[in-house]
Peer 1: 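First the structure, which I've put down as structure tokens, then a few questions once you've had a look.
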Amino acid sequence: PRKQKMRLFVTTTVATACMAFAPLFSPFQTKPTLRRRTMTPTRSWIRLQAAPRSKLPERRVDINCAACGSPLFRYAKGNGASSQLVKVYHERIVRDHTGGLFTTCPKCNVTFARETMVHGRRAFKIVGKKVRMT
């Protein structure tokens, strides 16, 4: 008797849901079951990121290899020349001396950075004490 009451309750609930949300149900199915709706993304689903500035920072720094002293690239640094260099965004590289090898020194072949994606942009994370800024 209890299962019959439960079945009766479920079928009446589904029937009322069918009537209330008619566009959500498929007319070709024998049992009234919900179709999967595409959910609209919410703020918690998407990490909202600010767009990068179109104008490059005014301050330019030269980045050299710490081992051999050869120039690697000239970089438009935005956070002040005295602060440490942690990451280098690819679009901010003004002049490249590595010949397209952005992570290794062309003279001494030392790996000074690793390529990553930061805030949806291509960047290079600098390995500690492998480069010098001037």
Peer 1: Show me the side-chain donor-acceptor pairs of residues 59-76 shorter than 3.5 Å, one per line, residues at least two apart or across chains.
Peer 2:
from : atom 1 : to  : atom 2 : distance (Å)
R60  : NH1    : P57 : O      : 2.4
D62  : OD1    : R74 : NH1    : 2.7
D62  : OD2    : R74 : NH1    : 3.2
Y75  : OH     : Y89 : N      : 3.2

Peer 1: Would you call F124 and R114 a side-chain contact if the rule is heavy atoms closer than 4.5 Å?
Peer 2: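 No, every pair of side-chain atoms sits at 4.5 Å or beyond.
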Peer 1: Would you please test T111 and K130 for side-chain contact (heavy atoms from CB on, under 4.5 Å) and show each step?
Peer 2: CA-CA 8 Å; T111 302; K130 296 282 184 174; over 6 Å; no
Peer 1: Is it the case that more than 12 heavy atoms not belonging to R92 sit under 6.0 Å from its CZ atom?
Peer 2: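 It does: R92 CZ has more than 12 such atoms within range.
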Peer 1: Quick one: do M133 and V127 end up in the same hydrophobic cluster if we chain Ile, Leu, Val, Met, Phe, Trp and Tyr together by side-chain heavy atoms under 4.5 Å apart?
Peer 2: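 No, M133 does not connect to V127 through the hydrophobic network.
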Peer 1: Once rounded to the nearest 0.5 Å, what's the spacing between atom CZ of R121 and atom CD of E91?
Peer 2: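 Here the rounded value is 4.5 Å.
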Peer 1: Taking transitive links into account, so neighbours of neighbours count too, which hydrophobic residues share a cluster with V94 at under 4.5 Å side-chain distance?
Peer 2: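 Taking Ile, Leu, Val, Met, Phe, Trp and Tyr as members, V94 stands alone, with no cluster partners.
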Peer 1: Evaluate the criterion side-chain hydrogen bond (donor to acceptor under 3.5 Å, both in side chains) for residue pair S83 and K77; output intermediate values, then yes/no.
Peer 2: CA-CA 10 Å; S83 63; K77 189 169 184 337; 2.9 Å; yes
Peer 1: Under 3.5 Å, sequence neighbours excluded: what are the donor-acceptor pairs made by side chains of residues 100-110?
Peer 2:
none

Peer 1: Quick one: salt bridge (charged side-chain N to carboxylate O under 4.0 Å, His left out) partners of K55, sequence neighbours excluded?
Peer 2: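 Partners of K55 by the salt bridge (charged side-chain N to carboxylate O under 4.0 Å, His left out) criterion, ordered by chain and then number, come out as E58.
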